[in-house]
Participant: 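Take a look at the following structure, please.
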Amino acid sequence: MNIFNKTLYRQLIFATLCLPLASCVSEVPFLSDGEGTLRLSTEIRSELTTRSTELTQDPSLREKCVIYIETSRGVIRKFKGLDNIPDIISLKSGNYLAEAWTGDSVSASFDKKFYRGKEEFTISDGDNKLLPLVCKIANVVVSVNPDALDLGLNNLKVTFSHSRGSLEFNEENIASAKGYFMMPNADKDLSYKMEGDKSDGTHMVKEGVIPNVQRAHEYVLNITSEPGENTLGGALIKIRIEDIPLIEEVVEMFGRPTIEGIGFNIDEQVVGIPGTAAGQKGAFSDKIVYIRGYDGLYKLQLRGGQNFQELGHIAAELNLIQADIDKTELEAHGITWDGPRPVVDAVTGKTMDEMRITFKKSFFDHLPQKDTEYRMEIIALDNQYPTPKDKTKVLRIATSDVAVEVKAPVETAQAPDPETDPMAILSKSATLTGYVMTEDASGYGIKYRKQGTVEWTKVPAETVSYAVKSPFTVHITGLEPSTTYEYTAYAAGYDKEDIQTFTTEGMFSIPNGSFEDWSTYKASTMLGERTVTLPWNIGDKEASFWGSGNEGSATANKTLTNKSTDMVHSGQYSARLGSDKAMGIIAAGNVFVGKYVETNGTNGHLLIGRSYNGSHPTKLKVWANYRPGTVDIVKDGMDKYLPSGFKGSTDHGQIYVALTTSPIDIRTSDPEKGLFNKDAQEVLAYGQVTWTAPFGGDGSLEAVEVPIEYYERAKTTAAKYLVIVVSASKFGDYFSGSSSSVMYLDDFELIYE
C-alpha cells in the first residue's frame with residue numbers, strides 16, 4: 001500500500017509522503033484563515049494471489065508512479081516517482097480529479113503489468129478531508145491450467161490475442177506463466193487458439209473467443225478430457241474458460257516520516273526578540289512540532305550544531321527515543337515532548353508512532369541575539385521493512401532583524417519532465433512555470449536566454465495571482481530546435497538568477513521521404529518465391545522505414561508501388577501508387593511507415609509505425625498528384641463499411657498520419673477489429689486528408705498539408721512511434737475500390753511551428 005498525503009494551505013498543499021491525521025490528534029498542522037487539508041492515500045496493489053499469498057515489494061512501482069491533478073481544463077499538476085512529490089503544492093478551490101498510474105502499459109506481455117486509479121474530489125476553504133486513491137491492476141490476465149500438460153498432447157501451445165498483440169503459452173511456461181493484456185478501446189473480446197499433436201501424429205486445433213473480457217479479471221483456460229468420440233487416446237478434449245476476479249497482494253510502500261508544525265509553518269523562520277514579554281510585539285511563543293512514522297519511530301534526533309554546542313545546550317546532539325534520556329535536564333532548556341505512542345491509521349490499518357515536541361518560549365528567550373539564524377535539525381527515522389525511511393526538517397530561528405530571511409517574491413520551477421509532460425517543451429516553443437512566494441509580488445514572469453549567451457528575454461506571466469505558493473505560467477515562442485536554454489523567474493525589484501535549463505525537441509526528418517532509394521527482396525508466396533519492390537536502399541523489409549502492399553500483390557506478379565520519373569518535385573524519383581485487380585479483388589496501391597509482415601490467403605498482416613524521436617509536429621507536408629478511377633470492385637459483405645452507393649462512384653484516396661505509443665498491428669482479415677482505429681488508446685495524435693476527386697494539375701505535383709490534432713492524453717504521454725499511411729484506394733482494406741486509381745508522392749516532411 002503506497003500512502004502519500006497532500007496538505008492544502010488556502011487551496012491545496014501536498015505535504016511529502018504519508019501525512020496521516022490520526023483520530024486521537026486534536027490539533028492539526030499550521031492552518032490560517034481559509035486554509036484546508038487533503039490527505040491522499042495511494043495504494044498500489046500487485047501480484048495476483050490466486051496461486052500465491054507471499055507479499056512482494058517492487059521498488060520500481062514507486063519510481064514509475066505518475067500522479068496527476070486535473071481540472072475540467074486539463075492536467076495542472078504532475079509528479080513522477082512517489083519520492084519526488086514536493087512538500088507544498090497550491091491549488092484554487094474547486095473540483096479536481098486525482099489520478100495515478102504505474103507499471104508498464106504494454107499490449108501483451110508475460111511480465112509487464114499496469115496499475116491505475118482515479119478519484120474526483122472538491123476543495124473548499126477550511127477542508128480537512130481524506131481521499132483514498134487505489135491503483136488497481138488494469139490488465140486483462142490470462143493463464144492455462146497446468147493440468148493441460150497431462151493430456152498427452154505433444155507440442156502443446158495456446159495463443160491468446162487481440163488486435164494489437166498476442167502471447168503464446170507452450171510446454172515450457174504453461175505451468176507458471178500469466179499473460180497481461182492491455183485491451184485496445186475497440187476490442188471487447190480475447191481470442192484463443194489451442195493446438196497440439198495427438199498420439200497418432202495428427203494435428204489438433206481448437207479456437208474460440210472469450211467475450212467481453214474485463215480488467216482485473218483472470219481468465220484461466222482449462223483443457224480437459226472426457227470419454228467420447230473424436231478422441232485423443234479415447235478421450236474427448238474440451239475447453240472451459242474460468243473467470244476469476246483478481247485477488248491481489250498489497251505492495252506496501254509507505255512514505256517517509258512526517259514532521260509538521262502545529263499552528264505554524266515549520267518551513268518558515270520563527271522570528272522574535274529574546275526576552276520580549278508575552279503579548280508584546282516581537283515576543284516568542286511556544287512552538288509544537290508533530291512527528292509521525294510508520295512501523296514505529298526508531299530515532300527522533302535533535303541536532304543543533306556548533307551554535308548550540310557553544311551555549312552548552314543539551315539539544316546540540318540528542319536522540320529523544322532512548323531509555324536513559326534525562327527529561328528533567330532537557331525541560332530546563334525549554335524543550336518537552338510526549339511519546340512515542342502507537343496509533344493505528346483508520347484507513348490503512350497500519351501502525352505508526354506519533355510524537356510531539358514543544359519548544360517553549362523559554363527555549364527561544366535563552367538564545368542570544370545574533371546576525372545569523374539558529375538552525376535546529378529534527379531528524380526522524382522509522383522502522384519500515386526492509387528499508388527504514390528518514391525525514392529531516394530544520395527549525396530556523398531569527399533572533400534579530402538582521403537575521404530575518406528576506407523572501408524571494410517568486411521561485412523558479414524545475415523544467416518539465418518530457419516523459420510526464422511531453423508537450424511543455426516543443427521544438428520551437430515552451431511552456432514554463434514559476435511560483436508566487438510573497439503576497440506583495442508584482443511584475444513577475446520568466447526570463448530566458450540561449451545557453452552561452454548573455455542577454456535575457458523577459459516574458460510576463462499570463463495570469464496574475466495574489467495567493468502565496470500559487471503557480472504562474474508563460475508561453476515562449478520563436479525558439480530553435482535541439483537547443484538548450486536557461487531560464488529563471490523574475491519579479492519587480494527581484495532579479496536573482498536561480499537558473500534552470502531546458503532543451504527543445506529536435507525535428508524529425510523522415511527517412512527516404514523523397515523516395516530516391518529503392519531496392520528489392522525475395523518473399524515466399526503461396527504460388528512460389530517472388531521479387532518484391534521496396535522503397536529503401538537495401539532489400540530488407542525489417543530495416544526499411546517504409547513498407548507497402550507489394551509483397552501481397554507479388555503473389556499475382558503485380559507491383560503496385562514503385563519508383564517513377566513521371567512527376568517529380570525534387571531529385572530523380574517519386575513514388576507511384578497504382579491500384580489494380582489481383583485474384584479477383586482490389587489491391588490498393590499503398591505505401592506506409594512500417595513493414596508488411598505476411599500474407600494469409602488474400603489477407604495482409606501489417607505492422608505500421610516506426611521508432612520516432614517523440615517530437616510534436618503540427619502538420620505533415622507532401623507533394624502529391626491523385627487521379628481516382630471509377631469504383632469497379634466491391635467485395636461481397638463489405639457494403640456496411642463503405643459509403644452509400646460506392647460502386648460506380650469516384651474512388652477515394654487518403655493520407656493519414658499518427659503519433660503512437662506502440663506499433664499498430666493491422667490484419668485485413670478482420671475488418672471489425674484488425675484495422676487502424678484513430679481513437680485507440682495507443683494513438684496520441686492524428687490527422688488525415690481524403691480525396692474524392694482529382695488532386696493536382698495534370699502531370700504535376702502539388703503540396704498538401706495534413707494538420708495533426710493532439711488528443712488530451714498526448715499531454716501526459718510521450719510519443720514513441722510515427723505512423724504514415726497513404727492509399728490510392730482508401731477502402732482497399734475492405735478489398736473495394738477502383739482498379740485504375742493512381743497517386744504520385746514526393747518529399748514527405750514534418751512541419752514544426
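Index from 1, following the sequence.
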Participant: Any chance you could measure H616, atom NE2, to M423, atom CE, to the nearest 0.5 Å?
Facilitator: 5.0 Å

Participant: Does a side-chain heavy-atom distance below 4.5 Å link W101 with Y68?
Facilitator: yes

Participant: Can you name the residues that form a ring pair (Phe, Tyr, Trp, His ring centres under 6.0 Å) with Y485, not counting sequence neighbours?
Facilitator: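 Once residues adjacent in sequence are excluded, the partners of Y485 under the ring pair (Phe, Tyr, Trp, His ring centres under 6.0 Å) criterion are F502.
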
Participant: Listed by chain and number, what are the salt bridge (Lys or Arg N to Asp or Glu O under 4.0 Å) partners of D187, not counting sequence neighbours?
Facilitator: none

Participant: Just wondering, do F545 and K595 contact through their side chains at under 4.5 Å, heavy atoms?
Facilitator: no

Participant: Give a yes-or-no answer on whether the side chains of T503 and T484 include a donor-acceptor pair shorter than 3.5 Å.
Facilitator: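 Yes, a side-chain donor-acceptor pair sits under 3.5 Å.
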
Participant: One thing to verify: whether E70 and K118 come together as a salt bridge, which I'm taking to mean a side-chain N less than 4.0 angstrom from a carboxylate O.
Facilitator: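 No salt bridge links K118 with E70.
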
Participant: Regarding K428 and E505, does a basic nitrogen lie under 4.0 Å from an acidic carboxylate oxygen?
Facilitator: no

Participant: Nearest heavy-atom pair of S161 and S166: which atoms, and what distance?
Facilitator: CB-CB, 3.5 Å

Participant: When you measure from the side chain of T668 to the backbone of N603, do you find a donor-acceptor pair of N or O atoms at a distance under 3.5 Å?
Facilitator: no

Participant: Got a sec, which residues hit ring pair (Phe, Tyr, Trp, His ring centres under 6.0 Å) with F748, two or more places apart in sequence or on another chain?
Facilitator: F515, W546

Participant: Working to the nearest 0.5 Å, report the span between CG of L479 and CD1 of I425.
Facilitator: 8.0 Å

Participant: So, using ring pair (Phe, Tyr, Trp, His ring centres under 6.0 Å) as the criterion, who are the partners of Y711 when residues are at least two apart?
Facilitator: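 Once residues adjacent in sequence are excluded, Y711 has no partner under the ring pair (Phe, Tyr, Trp, His ring centres under 6.0 Å) criterion.
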
Participant: Any chance you could lay out the side chain to side chain donor-acceptor pair (under 3.5 Å) test for T122 and Y96, step after step, and finish with the verdict?
Facilitator: CA-CA 6 Å; T122 300; Y96 294 90; over 6 Å; no

Participant: For L659 and L722, run side chain to side chain contact (heavy atoms under 4.5 Å, CB included): C-alpha distance rounded to whole Å, both residues' side-chain angles, the deciding distance at 0.1 Å, then the answer.
Facilitator: CA-CA 5 Å; L659 302 179; L722 172 67; 3.7 Å; yes

Participant: Working to the nearest 0.5 angstrom, can you tell me the gap between E480 CD and M507 CE?
Facilitator: 10.5 Å

Participant: Run L607 and I664 through side chain to side chain contact (heavy atoms under 4.5 Å, CB included) and show every step you take.
Facilitator: CA-CA 6 Å; L607 195 65; I664 307 297; over 6 Å; no

Participant: Considering all heavy atoms of both residues, which atom of V723 and which atom of G609 are nearest to each other, and what is their separation?
Facilitator: CG2-CA, 3.7 Å

Participant: For a 4.5 angstrom cut-off between non-hydrogen side-chain atoms, does K178 reach D111?
Facilitator: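 K178 does not reach D111 side chain to side chain.
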
Participant: Would you find a donor on one side and an acceptor on the other, under 3.5 Å apart, between the side chain of E709 and the backbone of G687?
Facilitator: no

Participant: Nearest 0.5 angstrom please: K391 NZ to D382 CG, how far?
Facilitator: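 So the gap between those two atoms works out to 12.0 Å.
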
Participant: Do any N or O atoms from the side chain of N212 and from the backbone of K188 form a donor-acceptor pair under 3.5 angstrom?
Facilitator: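 Not a single qualifying donor-acceptor pair exists.
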
Participant: Which value, rounded to the nearest 0.5 Å, describes the distance between L426 atom CG and Y752 atom OH?
Facilitator: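 Reported value, rounded in 0.5 Å steps: 10.0 Å.
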
Participant: How would you list, by chain and number, every residue that makes a side chain to side chain donor-acceptor pair (under 3.5 Å) with N173, sequence neighbours excluded?
Facilitator: none

Participant: Would you check if the side chain of N613 reaches a backbone N or O of G506 as a donor-acceptor pair within less than 3.5 Å?
Facilitator: yes

Participant: Just wondering, do T433 and P471 contact through their side chains at under 4.5 Å, heavy atoms?
Facilitator: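 Heavy-atom side-chain distance check passes, below 4.5 Å.
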
Participant: Is there a donor-acceptor pair under 3.5 Å between the side chain of D421 and the backbone N or O of T716?
Facilitator: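 Not confirmed, D421 side chain does not pair with T716 backbone.
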
Participant: Any luck finding a side-chain donor-acceptor pair between Q654 and Y656 under 3.5 Å?
Facilitator: no

Participant: Any Lys/Arg nitrogen of K193 or E207 sitting under 4.0 Å from an Asp/Glu carboxylate oxygen of the other?
Facilitator: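 A salt bridge is absent here (no side-chain N lies under 4.0 Å from a carboxylate O).
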
Participant: Going by the side chain to side chain contact (heavy atoms under 4.5 Å, CB included) test, name the single residue among K715, K720, R713 that passes it with L684.
Facilitator: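 Of K715, K720, R713, side chain to side chain contact (heavy atoms under 4.5 Å, CB included) with L684 is met by R713 alone.
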
Participant: Apply side chain to side chain donor-acceptor pair (under 3.5 Å) to residues S427 and T504 and explain how you reach the verdict.
Facilitator: CA-CA 5 Å; S427 297; T504 50; over 6 Å; no

Participant: Tell me, do I476 and Y487 make a side-chain contact under 4.5 Å, heavy atoms counted?
Facilitator: no

Participant: After noting the C-alpha distance and the side-chain angles of R667 and L675, does the key distance pass the side chain to side chain contact (heavy atoms under 4.5 Å, CB included) rule?
Facilitator: CA-CA 6 Å; R667 299 173 187 263; L675 303 184; over 6 Å; no

Participant: Quick one, I724 and L620 - any side-chain contact, counting heavy atoms below 4.5 Å?
Facilitator: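 Side-chain contact under 4.5 Å: yes.
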
Participant: Using atom types as modelled and distance alone, determine if a side-chain donor or acceptor of R610 lies under 3.5 Å from a backbone N or O of S544.
Facilitator: yes

Participant: Is it true that K157 and E195 have a side-chain N and a carboxylate O under 4.0 angstrom from each other?
Facilitator: yes

Participant: Check N600 against H605 and note the closest heavy-atom contact, atom names and distance.
Facilitator: ND2-CB, 4.4 Å

Participant: For residues S107 and E682, report the shortest heavy-atom separation together with the two atoms involved.
Facilitator: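 Reported closest heavy-atom pair: OG-OE2, 3.8 Å.
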
Participant: If I compare all heavy atoms of D540 with all of E542, which pair ends up nearest, and what's the gap?
Facilitator: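 Looking at all heavy atoms of both residues, the closest pair is OD1-N, 3.0 Å.
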
Participant: Between atom CG of L606 and atom CD of E551, what is the distance when rounded to the nearest 0.5 Å?
Facilitator: 9.5 Å

Participant: Between the side chains of E99 and R116, is the shortest nitrogen-to-carboxylate-oxygen separation below 4.0 Å, so that they form an ion pair?
Facilitator: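 Yes, charged N to carboxylate O under 4.0 Å.
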
Participant: Taking N139 for the side chain and V141 for the main chain, is one N or O donor matched with an acceptor at less than 3.5 Å?
Facilitator: no

Participant: Measure from the side-chain N and O atoms of D104 to the backbone N and O of V106, and report whether any donor-acceptor pair falls under 3.5 Å.
Facilitator: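 Checking the backbone N and O of V106 against the side chain of D104, no donor-acceptor pair under 3.5 Å is found.
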
Participant: Can you see whether H162 engages D665 through a side-chain donor-acceptor pair at a distance of less than 3.5 angstrom?
Facilitator: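 Absent: no donor and acceptor within the cut-off.
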
Participant: I'd like to know whether F114 forms a side chain to side chain contact (heavy atoms under 4.5 Å, CB included) with I137, so could you lay out the CA-CA distance, the side-chain angles of the two residues, the decisive distance to 0.1 Å, and finally the verdict.
Facilitator: CA-CA 6 Å; F114 191 62; I137 194 166; over 6 Å; no

Participant: What do you reckon, is CD of E753 surrounded by more than 12 foreign heavy atoms closer than 6.0 Å?
Facilitator: yes

Participant: Check whether T102 reaches the backbone of C65 with its side chain - one donor and one acceptor, N or O, closer than 3.5 Å.
Facilitator: yes

Participant: If you take all heavy atoms of I666 and F676, which pair is closest and at what distance?
Facilitator: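 Residues I666 and F676, closest heavy atoms: CD1-N, 3.3 Å.
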
Participant: Could you work out, with side chain to side chain donor-acceptor pair (under 3.5 Å) as the rule, every residue matching E749, not counting sequence neighbours?
Facilitator: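 Per chain and number, E749 pairs via side chain to side chain donor-acceptor pair (under 3.5 Å) with no residue.
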
Participant: Does the side chain of I608 come within less than 4.5 Å of V725's, by heavy atoms?
Facilitator: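 Of all side-chain heavy-atom pairs linking I608 with V725, at least one is under 4.5 Å.
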
Participant: Are the side chains of I708 and Y686 in contact, using a 4.5 Å heavy-atom criterion?
Facilitator: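 Y686 does not reach I708 side chain to side chain.
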
Participant: Ring centroid separation for F110 and F169, is it under 6.0 angstrom?
Facilitator: yes

